[in-house]
A.B. asks: 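Got a structure for you, written out below as structure tokens; questions coming shortly.
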Amino acid sequence: MLGKVDNGNVLRLRSNGNSYAQAAEPVVDASKSFTVSAWVYNEADGGSRFAISQGDGTSYSFELGREDSNGKKSWVFRMQTDEKGAASTAVAAASDGLNTVRAWALLTGVYDAQGKTLTLYVDGKEAGRAPVAAAWSGQGPLQLGRSRHHGIWSGPWAGVIGHVLVWDKPLTADQVLALKGGKLDKEIKPVGSWLVG
């Protein structure tokens, strides 16, 4: 369900199999550098929830959202290094000690293929970083509100997603901070945007 806010629109999702949005095609080649960002509001106390993902029929290439593992809840940006989607081939950058429920957060995931790093920013500040040797890119379309795990859609988002932006380059820490304040240089144009303005 779409709703209007001051600076654009938001997508409200109800945490079920029919509550998602899908682009027509992949937005970036996830084996190369890229950045993905969105304002999110998670209403679910439990469960892993994914605001944005991209991959294919078997697995995500990347996913951005909330991880719930053994009772520990964190924001997460995760990528696959192998097309089969095994847990052992996934690399994640996750936050520690940040609230993930009933509060707005700007999540930004940056994959730097040259620097071989995966970085998660929350509200413009670095919240997690992980080394990644290489990444796999599935050919499926960008997804809002769900992710693909072992051939099954999972992690349905419960809450609101807005101001989704994707770049085919790694934003710097200063650029991510500027994005949070709405001051990112307009010359740094995204390759895809949804629910903006």
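Keep in mind the model is a prediction, meaning the values are calculated, not measured.
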A.B. asks: Testing the basics here: between Lys180 and Gly124, what is the closest heavy-atom pair and its distance to 0.1 Å?
C.D. replies: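 Between these two residues, the closest heavy atoms are CG-N, 3.9 Å.
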A.B. asks: If you count every heavy atom of other residues, nucleotides or ligands that lies below 6.0 Å from Asp185 atom CG, does the total exceed 12?
C.D. replies: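 Enclosed: over 12 neighbouring heavy atoms sit under 6.0 Å from CG of Asp185.
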A.B. asks: Please list, chain by chain and in numerical order, all residues satisfying side chain to side chain contact (heavy atoms under 4.5 Å, CB included) with Ala21, sequence neighbours excluded.
C.D. replies: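 Side chain to side chain contact (heavy atoms under 4.5 Å, CB included) check on Ala21 returns Leu11, Leu144.
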A.B. asks: State which residue, out of Val10, Leu13, Asn42, fulfils the side chain to side chain contact (heavy atoms under 4.5 Å, CB included) condition with Ile161.
C.D. replies: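 The passing option is Leu13.
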A.B. asks: Under a 4.5 Å cut-off applied to non-hydrogen side-chain atoms, are Glu83 and Thr89 in contact?
C.D. replies: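 Heavy-atom side-chain distance check fails, nothing below 4.5 Å.
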A.B. asks: How about Lys116 and Tyr111: do any of their side-chain heavy atoms sit closer than 4.5 Å?
C.D. replies: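 No, every pair of side-chain atoms sits at 4.5 Å or beyond.
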A.B. asks: Output the distance between atom CG (Leu179) and atom CH2 (Trp167), rounded to the nearest 0.5 Å.
C.D. replies: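 It comes to 4.5 Å.
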A.B. asks: Under the side chain to side chain contact (heavy atoms under 4.5 Å, CB included) criterion, do Arg146 and Phe50 qualify, and how do the steps go?
C.D. replies: CA-CA 5 Å; Arg146 64 182 186 173; Phe50 298 106; over 6 Å; no
A.B. asks: Counting C-beta onward and ignoring hydrogens, is there a side-chain heavy-atom pair between Val27 and Trp194 closer than 4.5 Å?
C.D. replies: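 Val27 vs Trp194: side chains touch.
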A.B. asks: Which heavy-atom pair separates Ala113 from Ser31 by the least distance, and what is that distance?
C.D. replies: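 For Ala113 and Ser31, the tightest heavy-atom pair comes out as CB-O, 4.2 Å.
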A.B. asks: Taking atom CG of Leu98 and atom OG of Ser74, what is their separation to the nearest 0.5 Å?
C.D. replies: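 Answer for the CG-OG pair, Leu98 versus Ser74, is 9.0 Å.
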A.B. asks: Closer than 3.5 angstrom, by distance alone: can the side chain of Ser15 be matched with the main-chain N or O of Ala158 as a donor-acceptor pair?
C.D. replies: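 Judged by distance alone, no pair lies under 3.5 Å.
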A.B. asks: Tell me which pairs pass salt bridge (charged side-chain N to carboxylate O under 4.0 Å, His left out) where either residue lies in residues 44-65, with sequence neighbours left out.
C.D. replies: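 Sorted pair list: Asp45-Arg102, Glu63-Arg78.
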A.B. asks: Got a sec, which pairs hit salt bridge (charged side-chain N to carboxylate O under 4.0 Å, His left out) with one end in residues 159-174, sequence neighbours left out?
C.D. replies: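 Every pair satisfying salt bridge (charged side-chain N to carboxylate O under 4.0 Å, His left out) with a residue in residues 159-174: there are none.
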A.B. asks: When hydrophobic residues are tied together by side-chain contacts of less than 4.5 Å, even through go-betweens, does Val36 share a cluster with Leu195?
C.D. replies: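 Yes.
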A.B. asks: Ignoring hydrogens and geometry, is there a side-chain-to-backbone donor-acceptor pair from Trp75 to Leu64 under 3.5 Å?
C.D. replies: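 Not at all, since once roles are kept as given, no pair shorter than 3.5 Å links the two residues.
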A.B. asks: Quick one: CD on Glu67 to CZ on Phe77, what's the gap to the nearest 0.5 Å?
C.D. replies: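 If I round to the nearest 0.5 Å, the distance is 14.0 Å.
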A.B. asks: Under a single-linkage definition using a 4.5 Å side-chain heavy-atom cutoff for Ile, Leu, Val, Met, Phe, Trp and Tyr, are Trp157 and Leu120 assigned to the same hydrophobic cluster?
C.D. replies: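 Linked within one cluster.
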A.B. asks: Taking side chain as C-beta onward, heavy atoms only, is Val122 less than 4.5 Å from Leu107?
C.D. replies: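 Yes, side chains in contact.
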A.B. asks: With sequence neighbours left out, write down each residue that passes side chain to side chain contact (heavy atoms under 4.5 Å, CB included) with Arg148, or none if nothing qualifies.
C.D. replies: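 Partners of Arg148 under the side chain to side chain contact (heavy atoms under 4.5 Å, CB included) test: Trp153.
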A.B. asks: For residues Tyr121 and Leu171, determine if any side-chain heavy atom of one lies less than 4.5 Å from a side-chain heavy atom of the other.
C.D. replies: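 The answer is no, as the side chains (C-beta and beyond) never meet within the 4.5 Å cut-off.
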A.B. asks: According to a 4.5 Å side-chain heavy-atom criterion applied to Ile, Leu, Val, Met, Phe, Trp and Tyr, with indirect links allowed, do Leu118 and Val166 form part of one hydrophobic cluster?
C.D. replies: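 Yes; tracing contacts between hydrophobic side chains, which count when under 4.5 Å, links both residues.
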A.B. asks: Would you say Leu142 and Tyr60 are hydrophobically clustered, going by side-chain heavy atoms of ILVMFWY under 4.5 Å?
C.D. replies: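 In one cluster: no.
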A.B. asks: Side chains of Ser37 and Leu106: does their closest heavy-atom pair fall under 4.5 Å?
C.D. replies: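 Yes, at least one pair of side-chain atoms sits under 4.5 Å.
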A.B. asks: Examine Ile188 and Val110 and state if one hydrophobic cluster contains both, with Ile, Leu, Val, Met, Phe, Trp and Tyr joined whenever side-chain heavy atoms are less than 4.5 Å apart.
C.D. replies: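 Yes, because Ile188 and Val110 connect within a single hydrophobic cluster, where side-chain heavy atoms sit under 4.5 Å apart.
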A.B. asks: Could you list the residues that satisfy side chain to side chain contact (heavy atoms under 4.5 Å, CB included) with Asp112, not counting sequence neighbours?
C.D. replies: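 Applying side chain to side chain contact (heavy atoms under 4.5 Å, CB included) to Asp112 gives Ser33, Gln114, Thr117, Pro170.
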A.B. asks: Between the side chain of Thr81 and the main-chain N/O of Ala134, is any donor-acceptor distance below 3.5 Å?
C.D. replies: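 Looks like no, no N/O pair under 3.5 Å.
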A.B. asks: Check the side chains of Gln80 and Ser61 for a donor-acceptor pair under 3.5 angstrom, ignoring hydrogens and angles.
C.D. replies: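 Short answer, no.
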A.B. asks: Any non-hydrogen side-chain atom of Trp39 less than 4.5 Å from a side-chain atom of Val160?
C.D. replies: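 No. Closest side-chain heavy atoms not under 4.5 Å.
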A.B. asks: Would you say Glu126's side chain and Ala173's backbone share a donor-acceptor pair under 3.5 angstrom?
C.D. replies: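 Checking the backbone N and O of Ala173 against the side chain of Glu126, no donor-acceptor pair under 3.5 Å is found.
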A.B. asks: Mind listing the closest non-hydrogen atom pair of Val91 and Ala130 along with its distance?
C.D. replies: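 That would be CG1-CB, 3.8 Å.
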A.B. asks: Roughly how far, to the nearest 0.5 Å, is NZ of Lys72 from CG of Asn70?
C.D. replies: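 It comes to 10.0 Å.
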A.B. asks: In Å, rounded to the nearest 0.5 Å, how long is the span from NZ of Lys189 to CG of Leu165?
C.D. replies: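 Between Lys189 NZ and Leu165 CG, I get 12.0 Å after rounding to 0.5 Å.
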A.B. asks: For the aromatic rings, using the six-membered ring if either is Trp, is the centroid distance between Phe62 and Phe34 under 6.0 Å?
C.D. replies: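 For Phe62 and Phe34, the ring centres are under 6.0 Å apart.
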A.B. asks: Enter the distance from Thr172:OG1 to Leu177:CG here, rounded to the nearest 0.5 Å.
C.D. replies: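 It is 9.5 Å, given to the nearest 0.5 Å.
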A.B. asks: Please, which pairs that meet side-chain hydrogen bond (donor to acceptor under 3.5 Å, both in side chains) have at least one residue in residues 130-142, sequence neighbours excluded?
C.D. replies: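 As it turns out, the side-chain hydrogen bond (donor to acceptor under 3.5 Å, both in side chains) pairs with a partner in residues 130-142, which skip direct neighbours, are Asp29-Ser137.
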